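Notes for the one structure printed next.
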Amino acid sequence: ASLSPNISTMGEGTFDFCSALATVTIPEGISSIPQFTFQDCQSLESVTLPPGIESIGEKAFSWYVLLKDISLPESLTSIGQEAFNRCESLVFVSLPSGIQKIEPGTFSSCYTLATIQLGPNIKEIDDHAFTLCRELTSITLPEGITRIGIGAFTSCDELVEINLPSSIVELGAGAFSSCDSLVSVTVPEKITKLGPSTFDGCRDLTTIGLPEGLEEIGEQAFRNCHDLPHLFLPPNVKRIGDQAFASCRSLTRVTFPEGLESIGEEAFWRCSALTVVKLPDSCETLGEGAFKGCGSLYLVELSPNMTEIPVEAFWACEELISVDIPFGIETIREDAFLGCTKIAELILPESITTMGPTAFAGCDDLLEMIIPDGVTELALGLFARCDSLSKVHIPSSVITVGAAVFEDCDELKKITIPDSVQSIGADAFQGCRKLERVDIQGAVTILPERLFDGCESLVEFQIPAGV
(Lines give C-alpha, C1' and ligand atoms only; values in the text may rest on other atoms or scores of the structure.)
Protein backbone atom coordinates (compact mmCIF):
# COMPACT_ATOMS: atom_id res chain seq x y z
CA ALA A 1 0.00 0.00 0.00
CA SER A 2 1.23 3.48 -0.87
CA LEU A 3 -0.53 6.29 0.95
CA SER A 4 -1.43 9.54 -0.80
CA PRO A 5 1.03 12.39 -0.13
CA ASN A 6 -1.98 14.52 0.75
CA ILE A 7 -2.60 12.47 3.91
CA SER A 8 -1.42 14.29 7.03
CA THR A 9 -2.79 12.05 9.78
CA MET A 10 -3.55 8.38 10.32
CA GLY A 11 -6.26 7.05 12.59
CA GLU A 12 -5.85 4.46 15.32
CA GLY A 13 -5.72 0.91 14.01
CA THR A 14 -5.64 2.00 10.36
CA PHE A 15 -4.24 -1.33 9.16
CA ASP A 16 -5.01 -3.37 12.27
CA PHE A 17 -5.35 -7.09 11.40
CA CYS A 18 -4.79 -6.54 7.65
CA SER A 19 -3.41 -10.03 7.30
CA ALA A 20 -2.62 -9.81 3.57
CA LEU A 21 -0.89 -6.42 3.64
CA ALA A 22 2.72 -6.85 2.41
CA THR A 23 4.31 -3.37 2.13
CA VAL A 24 3.46 0.15 3.22
CA THR A 25 5.04 3.50 2.34
CA ILE A 26 4.05 6.36 4.59
CA PRO A 27 4.29 9.83 3.02
CA GLU A 28 6.17 12.79 4.43
CA GLY A 29 4.04 15.14 6.47
CA ILE A 30 2.72 12.48 8.82
CA SER A 31 4.17 13.04 12.29
CA SER A 32 2.57 10.22 14.28
CA ILE A 33 1.96 6.50 13.92
CA PRO A 34 -1.08 6.02 16.21
CA GLN A 35 -1.70 3.06 18.45
CA PHE A 36 -2.58 -0.30 16.86
CA THR A 37 -1.80 1.02 13.34
CA PHE A 38 -0.07 -2.13 12.07
CA GLN A 39 -0.97 -4.54 14.87
CA ASP A 40 -1.05 -8.17 13.80
CA CYS A 41 -0.22 -7.52 10.14
CA GLN A 42 1.07 -11.05 9.74
CA SER A 43 2.21 -10.70 6.10
CA LEU A 44 3.73 -7.23 6.30
CA GLU A 45 7.43 -7.35 5.34
CA SER A 46 8.45 -3.68 5.23
CA VAL A 47 7.33 -0.28 6.39
CA THR A 48 9.06 2.92 5.32
CA LEU A 49 8.87 5.70 7.88
CA PRO A 50 9.54 9.20 6.53
CA PRO A 51 11.55 11.93 8.23
CA GLY A 52 9.44 13.97 10.59
CA ILE A 53 7.79 11.09 12.46
CA GLU A 54 7.75 12.17 16.12
CA SER A 55 5.78 9.44 17.88
CA ILE A 56 4.85 5.79 17.54
CA GLY A 57 1.80 4.77 19.55
CA GLU A 58 0.98 1.86 21.79
CA LYS A 59 1.13 -1.53 20.02
CA ALA A 60 1.59 0.23 16.69
CA PHE A 61 3.66 -2.68 15.29
CA SER A 62 2.70 -5.38 17.80
CA TRP A 63 2.64 -8.90 16.35
CA TYR A 64 4.26 -7.68 13.14
CA VAL A 65 5.93 -11.08 12.87
CA LEU A 66 7.93 -10.65 9.61
CA LEU A 67 9.61 -7.37 10.55
CA LYS A 68 13.40 -7.90 10.60
CA ASP A 69 14.61 -4.32 10.94
CA ILE A 70 13.16 -0.87 10.90
CA SER A 71 14.78 2.51 10.37
CA LEU A 72 13.55 4.94 13.01
CA PRO A 73 13.92 8.60 11.97
CA GLU A 74 15.98 10.96 14.09
CA SER A 75 12.89 13.12 14.62
CA LEU A 76 11.29 10.39 16.76
CA THR A 77 10.90 11.35 20.44
CA SER A 78 8.47 8.76 21.85
CA ILE A 79 7.58 5.11 21.37
CA GLY A 80 4.47 3.76 23.10
CA GLN A 81 3.97 0.72 25.28
CA GLU A 82 4.41 -2.63 23.53
CA ALA A 83 4.93 -0.80 20.23
CA PHE A 84 7.06 -3.66 18.87
CA ASN A 85 5.81 -6.45 21.13
CA ARG A 86 6.05 -9.88 19.50
CA CYS A 87 7.94 -8.67 16.44
CA GLU A 88 9.37 -12.15 16.35
CA SER A 89 11.74 -11.64 13.39
CA LEU A 90 13.20 -8.31 14.46
CA VAL A 91 17.00 -8.54 14.64
CA PHE A 92 18.35 -5.00 14.94
CA VAL A 93 17.09 -1.68 16.31
CA SER A 94 18.81 1.68 16.66
CA LEU A 95 16.99 4.26 18.76
CA PRO A 96 17.35 7.94 17.86
CA SER A 97 18.78 10.43 20.34
CA GLY A 98 15.41 12.00 21.07
CA ILE A 99 14.15 8.91 22.90
CA GLN A 100 14.52 9.36 26.67
CA LYS A 101 12.36 6.50 27.93
CA ILE A 102 11.67 2.99 26.73
CA GLU A 103 8.08 2.35 27.71
CA PRO A 104 6.75 -0.88 29.29
CA GLY A 105 6.95 -3.89 27.00
CA THR A 106 8.23 -1.90 24.00
CA PHE A 107 10.35 -4.77 22.65
CA SER A 108 9.04 -7.63 24.79
CA SER A 109 9.01 -11.06 23.14
CA CYS A 110 11.16 -9.95 20.21
CA TYR A 111 12.70 -13.38 20.32
CA THR A 112 15.37 -12.82 17.64
CA LEU A 113 16.44 -9.31 18.58
CA ALA A 114 20.22 -9.57 18.85
CA THR A 115 21.35 -5.95 18.84
CA ILE A 116 19.81 -2.81 20.29
CA GLN A 117 21.58 0.52 20.09
CA LEU A 118 20.29 3.00 22.66
CA GLY A 119 20.46 6.73 22.20
CA PRO A 120 22.65 8.80 24.53
CA ASN A 121 19.69 10.44 26.26
CA ILE A 122 17.93 7.37 27.60
CA LYS A 123 16.95 7.97 31.23
CA GLU A 124 14.68 5.03 31.94
CA ILE A 125 14.03 1.49 30.72
CA ASP A 126 10.56 0.67 31.98
CA ASP A 127 8.95 -2.60 33.04
CA HIS A 128 9.39 -5.62 30.75
CA ALA A 129 10.89 -3.48 28.00
CA PHE A 130 13.08 -6.35 26.70
CA THR A 131 11.48 -9.38 28.37
CA LEU A 132 12.03 -12.58 26.38
CA CYS A 133 14.49 -11.06 23.91
CA ARG A 134 16.17 -14.44 23.89
CA GLU A 135 18.93 -13.65 21.34
CA LEU A 136 20.09 -10.37 22.88
CA THR A 137 23.77 -10.89 23.70
CA SER A 138 24.82 -7.43 24.83
CA ILE A 139 23.51 -3.95 25.36
CA THR A 140 25.32 -0.72 26.19
CA LEU A 141 23.48 1.45 28.68
CA PRO A 142 24.38 5.15 28.51
CA GLU A 143 25.57 7.11 31.53
CA GLY A 144 22.63 9.15 32.77
CA ILE A 145 20.10 6.32 32.89
CA THR A 146 18.52 6.22 36.35
CA ARG A 147 16.03 3.34 36.37
CA ILE A 148 15.69 -0.17 35.03
CA GLY A 149 12.15 -1.37 35.58
CA ILE A 150 10.46 -4.58 36.71
CA GLY A 151 11.44 -7.54 34.55
CA ALA A 152 13.10 -5.23 32.03
CA PHE A 153 15.52 -7.93 30.81
CA THR A 154 13.81 -11.06 32.15
CA SER A 155 14.65 -14.20 30.16
CA CYS A 156 17.23 -12.57 27.90
CA ASP A 157 18.83 -15.99 27.68
CA GLU A 158 21.95 -15.04 25.70
CA LEU A 159 22.86 -11.87 27.62
CA VAL A 160 26.38 -12.57 28.90
CA GLU A 161 27.49 -9.28 30.36
CA ILE A 162 25.99 -5.90 31.08
CA ASN A 163 27.61 -2.72 32.30
CA LEU A 164 25.34 -0.86 34.68
CA PRO A 165 26.16 2.88 34.74
CA SER A 166 26.81 4.62 38.05
CA SER A 167 23.81 6.90 37.45
CA ILE A 168 21.32 4.07 38.09
CA VAL A 169 19.42 4.48 41.38
CA GLU A 170 16.78 1.77 40.95
CA LEU A 171 16.76 -1.81 39.72
CA GLY A 172 13.21 -3.15 39.53
CA ALA A 173 12.04 -6.54 40.73
CA GLY A 174 13.21 -9.29 38.41
CA ALA A 175 15.12 -6.82 36.26
CA PHE A 176 17.57 -9.51 35.09
CA SER A 177 15.81 -12.66 36.26
CA SER A 178 16.39 -15.82 34.21
CA CYS A 179 19.24 -14.31 32.20
CA ASP A 180 20.74 -17.78 32.00
CA SER A 181 24.04 -16.77 30.38
CA LEU A 182 24.83 -13.69 32.48
CA VAL A 183 28.29 -14.26 33.96
CA SER A 184 29.30 -11.02 35.63
CA VAL A 185 27.58 -7.90 36.92
CA THR A 186 28.48 -4.98 39.14
CA VAL A 187 25.63 -3.27 40.94
CA PRO A 188 25.91 0.55 40.82
CA GLU A 189 27.02 2.46 43.90
CA LYS A 190 23.74 4.38 44.32
CA ILE A 191 21.69 1.22 44.82
CA THR A 192 20.78 0.76 48.49
CA LYS A 193 18.23 -1.99 48.01
CA LEU A 194 18.07 -4.89 45.58
CA GLY A 195 14.44 -5.66 44.82
CA PRO A 196 12.83 -9.10 44.69
CA SER A 197 14.21 -11.56 42.13
CA THR A 198 16.64 -9.04 40.61
CA PHE A 199 19.02 -11.79 39.43
CA ASP A 200 16.85 -14.83 40.16
CA GLY A 201 17.69 -17.72 37.86
CA CYS A 202 20.94 -16.27 36.48
CA ARG A 203 22.40 -19.75 36.51
CA ASP A 204 25.82 -18.90 35.01
CA LEU A 205 26.48 -15.88 37.24
CA THR A 206 29.91 -16.30 38.84
CA THR A 207 30.90 -12.74 39.77
CA ILE A 208 28.75 -10.16 41.51
CA GLY A 209 29.98 -6.80 42.73
CA LEU A 210 27.79 -5.26 45.43
CA PRO A 211 28.05 -1.58 46.39
CA GLU A 212 29.28 -0.38 49.78
CA GLY A 213 26.00 1.41 50.47
CA LEU A 214 23.78 -1.62 49.92
CA GLU A 215 21.48 -2.10 52.93
CA GLU A 216 18.97 -4.71 51.85
CA ILE A 217 18.96 -7.74 49.56
CA GLY A 218 15.38 -8.49 48.56
CA GLU A 219 13.60 -11.81 48.48
CA GLN A 220 14.83 -14.26 45.84
CA ALA A 221 17.34 -11.67 44.61
CA PHE A 222 19.95 -14.31 43.72
CA ARG A 223 17.88 -17.49 43.93
CA ASN A 224 19.01 -20.25 41.56
CA CYS A 225 22.32 -18.57 40.72
CA HIS A 226 23.81 -22.03 40.49
CA ASP A 227 27.41 -21.06 39.69
CA LEU A 228 27.96 -18.27 42.23
CA PRO A 229 30.98 -19.56 44.22
CA HIS A 230 31.34 -17.10 47.10
CA LEU A 231 29.78 -13.98 48.49
CA PHE A 232 31.22 -11.03 50.33
CA LEU A 233 28.39 -8.90 51.70
CA PRO A 234 29.13 -5.16 52.00
CA PRO A 235 29.43 -3.68 55.51
CA ASN A 236 26.08 -1.86 55.47
CA VAL A 237 23.85 -4.82 54.63
CA LYS A 238 21.23 -5.12 57.36
CA ARG A 239 18.60 -7.41 55.87
CA ILE A 240 18.67 -10.49 53.66
CA GLY A 241 15.25 -11.37 52.27
CA ASP A 242 13.38 -14.67 51.97
CA GLN A 243 15.08 -17.14 49.60
CA ALA A 244 17.58 -14.45 48.64
CA PHE A 245 20.27 -17.05 47.87
CA ALA A 246 18.21 -20.24 47.79
CA SER A 247 19.61 -22.98 45.55
CA CYS A 248 22.93 -21.23 44.97
CA ARG A 249 24.40 -24.68 44.91
CA SER A 250 28.04 -23.67 44.21
CA LEU A 251 28.15 -21.15 47.05
CA THR A 252 30.89 -22.32 49.41
CA ARG A 253 31.25 -19.36 51.75
CA VAL A 254 29.46 -16.19 52.77
CA THR A 255 30.98 -13.34 54.75
CA PHE A 256 28.27 -11.80 56.94
CA PRO A 257 28.98 -8.21 58.00
CA GLU A 258 28.77 -6.91 61.53
CA GLY A 259 25.60 -4.87 61.40
CA LEU A 260 23.48 -7.54 59.75
CA GLU A 261 20.15 -7.64 61.59
CA SER A 262 18.02 -10.30 59.93
CA ILE A 263 18.13 -13.25 57.54
CA GLY A 264 14.85 -14.19 55.89
CA GLU A 265 13.01 -17.47 55.48
CA GLU A 266 14.87 -20.08 53.40
CA ALA A 267 17.47 -17.43 52.57
CA PHE A 268 20.16 -20.06 51.92
CA TRP A 269 17.93 -23.08 51.36
CA ARG A 270 19.68 -25.84 49.39
CA CYS A 271 23.03 -24.06 49.20
CA SER A 272 24.50 -27.52 49.04
CA ALA A 273 28.19 -26.44 48.92
CA LEU A 274 28.04 -24.00 51.86
CA THR A 275 30.34 -25.24 54.64
CA VAL A 276 30.53 -22.61 57.38
CA VAL A 277 28.05 -20.11 58.83
CA LYS A 278 29.22 -17.53 61.34
CA LEU A 279 26.54 -15.01 62.21
CA PRO A 280 27.63 -11.62 63.60
CA ASP A 281 26.57 -10.49 67.07
CA SER A 282 24.26 -7.91 65.46
CA CYS A 283 22.00 -10.57 63.94
CA GLU A 284 18.75 -10.81 65.88
CA THR A 285 16.42 -12.71 63.55
CA LEU A 286 16.83 -15.90 61.57
CA GLY A 287 13.94 -16.89 59.30
CA GLU A 288 12.33 -20.32 59.09
CA GLY A 289 14.38 -22.78 57.06
CA ALA A 290 17.18 -20.24 56.63
CA PHE A 291 19.85 -22.91 56.05
CA LYS A 292 17.79 -26.02 55.50
CA GLY A 293 19.11 -28.53 53.03
CA CYS A 294 22.69 -27.16 53.18
CA GLY A 295 24.14 -30.63 52.82
CA SER A 296 27.82 -29.64 53.21
CA LEU A 297 27.41 -27.31 56.18
CA TYR A 298 29.54 -28.55 59.08
CA LEU A 299 30.07 -25.52 61.35
CA VAL A 300 27.53 -23.03 62.70
CA GLU A 301 28.06 -20.15 65.10
CA LEU A 302 24.90 -18.32 66.09
CA SER A 303 24.51 -14.76 67.34
CA PRO A 304 24.14 -14.16 71.10
CA ASN A 305 21.43 -11.60 70.31
CA MET A 306 19.12 -14.18 68.81
CA THR A 307 16.37 -15.50 71.05
CA GLU A 308 15.22 -18.46 68.96
CA ILE A 309 16.33 -20.98 66.40
CA PRO A 310 13.41 -21.09 63.96
CA VAL A 311 11.45 -23.89 62.34
CA GLU A 312 13.60 -26.05 60.02
CA ALA A 313 16.55 -23.67 60.45
CA PHE A 314 19.09 -26.44 59.80
CA TRP A 315 16.79 -29.18 58.56
CA ALA A 316 18.68 -31.95 56.72
CA CYS A 317 22.14 -30.39 57.17
CA GLU A 318 23.58 -33.87 57.04
CA GLU A 319 27.25 -32.91 57.51
CA LEU A 320 26.68 -30.56 60.44
CA ILE A 321 29.05 -31.48 63.26
CA SER A 322 29.50 -28.37 65.37
CA VAL A 323 26.83 -25.91 66.49
CA ASP A 324 27.58 -23.11 68.92
CA ILE A 325 24.29 -22.18 70.59
CA PRO A 326 24.96 -19.11 72.77
CA PHE A 327 23.31 -18.18 76.04
CA GLY A 328 20.32 -16.05 75.21
CA ILE A 329 18.63 -18.53 72.92
CA GLU A 330 15.30 -19.31 74.57
CA THR A 331 13.47 -21.37 71.97
CA ILE A 332 14.39 -24.09 69.52
CA ARG A 333 11.48 -24.47 67.11
CA GLU A 334 9.97 -27.45 65.34
CA ASP A 335 12.32 -29.47 63.10
CA ALA A 336 15.18 -27.02 63.73
CA PHE A 337 17.84 -29.76 63.52
CA LEU A 338 15.75 -32.54 62.00
CA GLY A 339 17.95 -34.98 60.07
CA CYS A 340 21.30 -33.48 61.13
CA THR A 341 22.73 -36.95 61.18
CA LYS A 342 26.34 -36.17 62.19
CA ILE A 343 25.86 -34.00 65.27
CA ALA A 344 27.46 -36.02 68.05
CA GLU A 345 27.54 -33.41 70.79
CA LEU A 346 25.23 -30.50 71.44
CA ILE A 347 25.46 -28.26 74.49
CA LEU A 348 22.23 -26.44 75.20
CA PRO A 349 22.49 -23.24 77.27
CA GLU A 350 20.41 -22.80 80.42
CA SER A 351 18.51 -19.95 78.76
CA ILE A 352 16.50 -22.46 76.70
CA THR A 353 12.94 -23.00 77.93
CA THR A 354 11.17 -24.37 74.85
CA MET A 355 12.04 -27.06 72.31
CA GLY A 356 9.52 -27.75 69.55
CA PRO A 357 8.31 -31.06 68.07
CA THR A 358 10.94 -33.19 66.31
CA ALA A 359 13.54 -30.45 66.84
CA PHE A 360 16.33 -33.06 67.04
CA ALA A 361 14.64 -36.03 65.38
CA GLY A 362 16.90 -38.10 63.16
CA CYS A 363 20.16 -36.80 64.68
CA ASP A 364 21.69 -40.23 64.25
CA ASP A 365 25.10 -39.56 65.85
CA LEU A 366 23.89 -37.60 68.88
CA LEU A 367 25.29 -39.38 71.93
CA GLU A 368 24.09 -37.48 74.96
CA MET A 369 21.54 -34.82 75.80
CA ILE A 370 21.41 -32.69 78.92
CA ILE A 371 18.11 -30.87 78.83
CA PRO A 372 18.33 -27.39 80.39
CA ASP A 373 16.61 -26.76 83.72
CA GLY A 374 13.70 -24.54 82.74
CA VAL A 375 12.29 -26.66 79.94
CA THR A 376 8.76 -27.72 80.92
CA GLU A 377 7.82 -29.94 77.98
CA LEU A 378 9.53 -32.56 75.87
CA ALA A 379 7.51 -32.09 72.70
CA LEU A 380 6.28 -34.63 70.17
CA GLY A 381 9.10 -36.70 68.67
CA LEU A 382 11.75 -34.38 70.10
CA PHE A 383 14.53 -37.00 69.96
CA ALA A 384 12.85 -39.63 67.78
CA ARG A 385 15.21 -41.77 65.67
CA CYS A 386 18.36 -40.50 67.41
CA ASP A 387 19.98 -43.88 66.85
CA SER A 388 23.12 -43.28 68.98
CA LEU A 389 21.52 -41.45 71.90
CA SER A 390 22.48 -43.37 75.03
CA LYS A 391 22.28 -40.79 77.84
CA VAL A 392 19.53 -38.29 78.60
CA HIS A 393 19.18 -36.06 81.63
CA ILE A 394 15.64 -34.78 82.20
CA PRO A 395 15.48 -31.91 84.72
CA SER A 396 12.86 -31.49 87.42
CA SER A 397 11.33 -28.56 85.52
CA VAL A 398 9.77 -30.92 82.96
CA ILE A 399 6.04 -31.49 83.45
CA THR A 400 5.11 -33.17 80.17
CA VAL A 401 6.83 -35.89 78.18
CA GLY A 402 5.18 -35.88 74.75
CA ALA A 403 4.31 -38.66 72.35
CA ALA A 404 7.12 -40.51 70.56
CA VAL A 405 9.78 -38.38 72.28
CA PHE A 406 12.39 -41.14 72.27
CA GLU A 407 10.87 -43.35 69.59
CA ASP A 408 13.45 -45.64 67.93
CA CYS A 409 16.39 -44.44 70.03
CA ASP A 410 18.21 -47.74 69.60
CA GLU A 411 21.11 -47.10 72.02
CA LEU A 412 19.08 -45.71 74.95
CA LYS A 413 19.53 -48.17 77.86
CA LYS A 414 18.11 -46.40 80.87
CA ILE A 415 15.97 -43.38 81.60
CA THR A 416 14.75 -41.62 84.72
CA ILE A 417 11.53 -39.59 84.58
CA PRO A 418 11.64 -37.03 87.46
CA ASP A 419 8.83 -36.59 89.93
CA SER A 420 7.81 -33.29 88.31
CA VAL A 421 6.40 -35.11 85.28
CA GLN A 422 2.61 -35.37 85.26
CA SER A 423 1.95 -36.97 81.88
CA ILE A 424 3.68 -39.15 79.31
CA GLY A 425 2.50 -39.40 75.69
CA ALA A 426 1.86 -42.49 73.61
CA ASP A 427 4.80 -44.24 71.93
CA ALA A 428 7.28 -42.25 74.06
CA PHE A 429 9.78 -45.14 74.10
CA GLN A 430 8.47 -47.22 71.23
CA GLY A 431 11.22 -49.11 69.40
CA CYS A 432 13.93 -48.47 72.02
CA ARG A 433 15.28 -51.97 71.54
CA LYS A 434 18.13 -51.73 74.07
CA LEU A 435 16.19 -49.96 76.80
CA GLU A 436 16.72 -51.99 80.00
CA ARG A 437 15.69 -49.79 82.93
CA VAL A 438 12.98 -47.18 83.34
CA ASP A 439 12.34 -45.26 86.57
CA ILE A 440 9.18 -43.14 86.49
CA GLN A 441 9.19 -41.05 89.64
CA GLY A 442 6.54 -38.50 88.75
CA ALA A 443 2.91 -37.98 89.53
CA VAL A 444 1.90 -39.94 86.47
CA THR A 445 -1.46 -41.67 86.82
CA ILE A 446 -1.88 -43.08 83.32
CA LEU A 447 0.56 -45.03 81.19
CA PRO A 448 -0.42 -44.50 77.53
CA GLU A 449 -0.68 -47.08 74.78
CA ARG A 450 2.43 -48.48 73.12
CA LEU A 451 4.62 -46.71 75.67
CA PHE A 452 7.23 -49.50 75.57
CA ASP A 453 6.22 -51.25 72.36
CA GLY A 454 9.28 -52.96 70.86
CA CYS A 455 11.44 -52.47 73.98
CA GLU A 456 12.63 -56.03 73.81
CA SER A 457 15.45 -55.61 76.38
CA LEU A 458 13.39 -54.03 79.15
CA VAL A 459 14.11 -55.85 82.46
CA GLU A 460 13.43 -53.24 85.15
CA PHE A 461 10.48 -50.93 85.29
CA GLN A 462 9.47 -48.71 88.23
CA ILE A 463 6.20 -46.83 88.18
CA PRO A 464 4.48 -44.50 90.66
CA ALA A 465 1.97 -45.96 93.07
CA GLY A 466 -0.77 -43.78 91.66
CA VAL A 467 -0.78 -45.36 88.23
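Just so you know, these numbers come straight off a predicted model, no measurement behind them.
- Glu436 has no carboxylate O lying under 4.0 Å from a charged side-chain N of Lys414, or vice versa, which leaves the two without a salt bridge.
- Dense packing is recorded around CZ of Arg239, with more than 12 heavy atoms of other residues, nucleotides or ligands lying under 6.0 Å away.
- Under 3.5 Å, the side chains of Ser197 and Gln220 contain a donor-acceptor pair of N or O atoms.
- With no hydrogens or angles considered, no side-chain donor-acceptor pair links Glu216 and Thr192 at under 3.5 Å.
- No more than 12 heavy-atom neighbours from other residues, nucleotides or ligands sit within 6.0 angstrom of CD1 on Ile347.
- Side chain of Ser397 to backbone of Val375: a donor-acceptor contact under 3.5 angstrom is found.
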Decide yes or no on side-chain hydrogen bond (donor to acceptor under 3.5 Å, both in side chains) for Ser177 and Thr154, but give the supporting numbers first.
CA-CA 5 Å; Ser177 62; Thr154 291; 2.9 Å; yes

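- In summary, Lys434 and Glu411 engage in a salt bridge, as defined by a charged side-chain N under 4.0 Å from a carboxylate O.
- Comment: Arg147 engages Glu170 in a salt bridge, judged by a side-chain N to carboxylate O separation of less than 4.0 angstrom.
- Remark: the backbone N or O of Glu265 is paired with a side-chain donor or acceptor of Asp242 at under 3.5 angstrom.
- The backbone N or O of Glu258 lies less than 3.5 Å from no partner atom in the side chain of Ser282, so there is not a single donor-acceptor pair.
- The closest side-chain heavy-atom distance from Arg385 to Leu338 is below 4.5 Å.
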Do Ser108 and Asn85 pass the side-chain hydrogen bond (donor to acceptor under 3.5 Å, both in side chains) test, and can you show the C-alpha distance, the side-chain angles, and the key distance before you say yes or no?
CA-CA 5 Å; Ser108 61; Asn85 173 48; 2.9 Å; yes

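- Lys123 NZ: more than 12 foreign heavy atoms inside a 6.0 Å radius.
- A donor and an acceptor atom, one from each side chain of Gln42 and Asp40, are located under 3.5 Å apart.
- Between the side chain of Ser262 and the main chain of Thr285, no donor-acceptor pair closer than 3.5 Å is present.
- Atom CD1 of Ile463 is surrounded by more than 12 heavy atoms from other residues, nucleotides or ligands within 6.0 Å.
- With respect to Glu368 and Lys391, no salt bridge is recorded, no charged nitrogen being found less than 4.0 Å from a carboxylate O.
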Could you walk me through whether Glu266 and Gln243 satisfy the side-chain hydrogen bond (donor to acceptor under 3.5 Å, both in side chains) test, starting with their C-alpha distance in whole Å, then the side-chain angles of each, then the deciding distance to 0.1 Å, before giving a yes or no?
CA-CA 5 Å; Glu266 299 181 347; Gln243 291 194 352; 2.6 Å; yes

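- Within the 3.5 Å criterion, the main-chain N or O of Phe232 finds no donor-acceptor partner in the side chain of Thr255.
- The pair Lys342-Asp365 fails the salt-bridge criterion, with no side-chain N (NZ, NE, NH1 or NH2) lying under 4.0 Å from an Asp/Glu carboxylate O.
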Would you check, one step at a time, whether the test side-chain contact (heavy atoms from CB on, under 4.5 Å) holds for Ile191 with Ile168?
CA-CA 7 Å; Ile191 299 292; Ile168 293 176; 4.1 Å; yes

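- Counting heavy-atom neighbours within 6.0 Å of Arg249 CZ, excluding the residue itself, gives a total of 12 or less.
- One finds the OG atom of Ser62 at 10.5 Å from the CZ atom of Phe84 (value rounded to the nearest 0.5 Å).
- How far CG of Leu286 is from OG of Ser303: 10.0 Å, rounded to the nearest 0.5 Å.
- To the nearest 0.5 angstrom, Tyr298 atom OH is 5.0 Å from Thr275 atom OG1.
- Ring geometry, Phe461 versus Phe452: the interplanar angle exceeds 60°, so the pair is classed perpendicular (tilted spans 30 to 60°).
- Arg203 CZ to Cys179 SG: the interatomic distance, rounded to the nearest 0.5 Å, is 11.5 Å.
- Taken from CG in Leu366 to SG in Cys409, the straight-line distance is 9.0 Å, to the nearest 0.5 Å.
- For the side-chain contact (heavy atoms from CB on, under 4.5 Å) with Arg86, the qualifying choice from Tyr64, Phe61, Tyr111 is Tyr111, the only one to do so.
- At distances below 3.5 Å, at least one donor-acceptor pair connects side-chain atoms of Ser420 with backbone N or O atoms of Ser396.
- Ser296 places a side-chain N or O within donor-acceptor distance of the main-chain N or O of Ser272, the cut-off being under 3.5 Å.
- Separating the CG atom in Leu90 from the NZ atom in Lys68 is a distance of 11.5 Å, to the nearest 0.5 Å.
- The ring-ring contact (aromatic ring centres under 6.0 Å, His included) test with Phe360 is passed by exactly one of Phe314, Phe383, Phe406: Phe383.
- Side chains of Asp453 and Gln430: a donor on one and an acceptor on the other come within 3.5 Å.
- Within a 6.0 Å sphere centred on NZ of Lys238, heavy atoms belonging to other residues, nucleotides or ligands number more than 12.
- Of the possible donor and acceptor atoms, none in the side chain of Asp180 sits under 3.5 Å from a partner among the backbone N and O of Asp157.
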Verdict with supporting geometry, Ser166 and Glu143, side-chain hydrogen bond (donor to acceptor under 3.5 Å, both in side chains):
CA-CA 7 Å; Ser166 60; Glu143 189 65 42; 3.0 Å; yes

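- With hydrogens and angles disregarded, a donor-acceptor distance shorter than 3.5 Å links the side chain of Thr131 to the backbone of Gly151.
- A distance-only check finds no donor-acceptor pair linking the side chain of Asp324 to the backbone of Glu301 [under 3.5 Å].
- A ring-centre distance under 6.0 Å is not found for Phe256 and Phe245.
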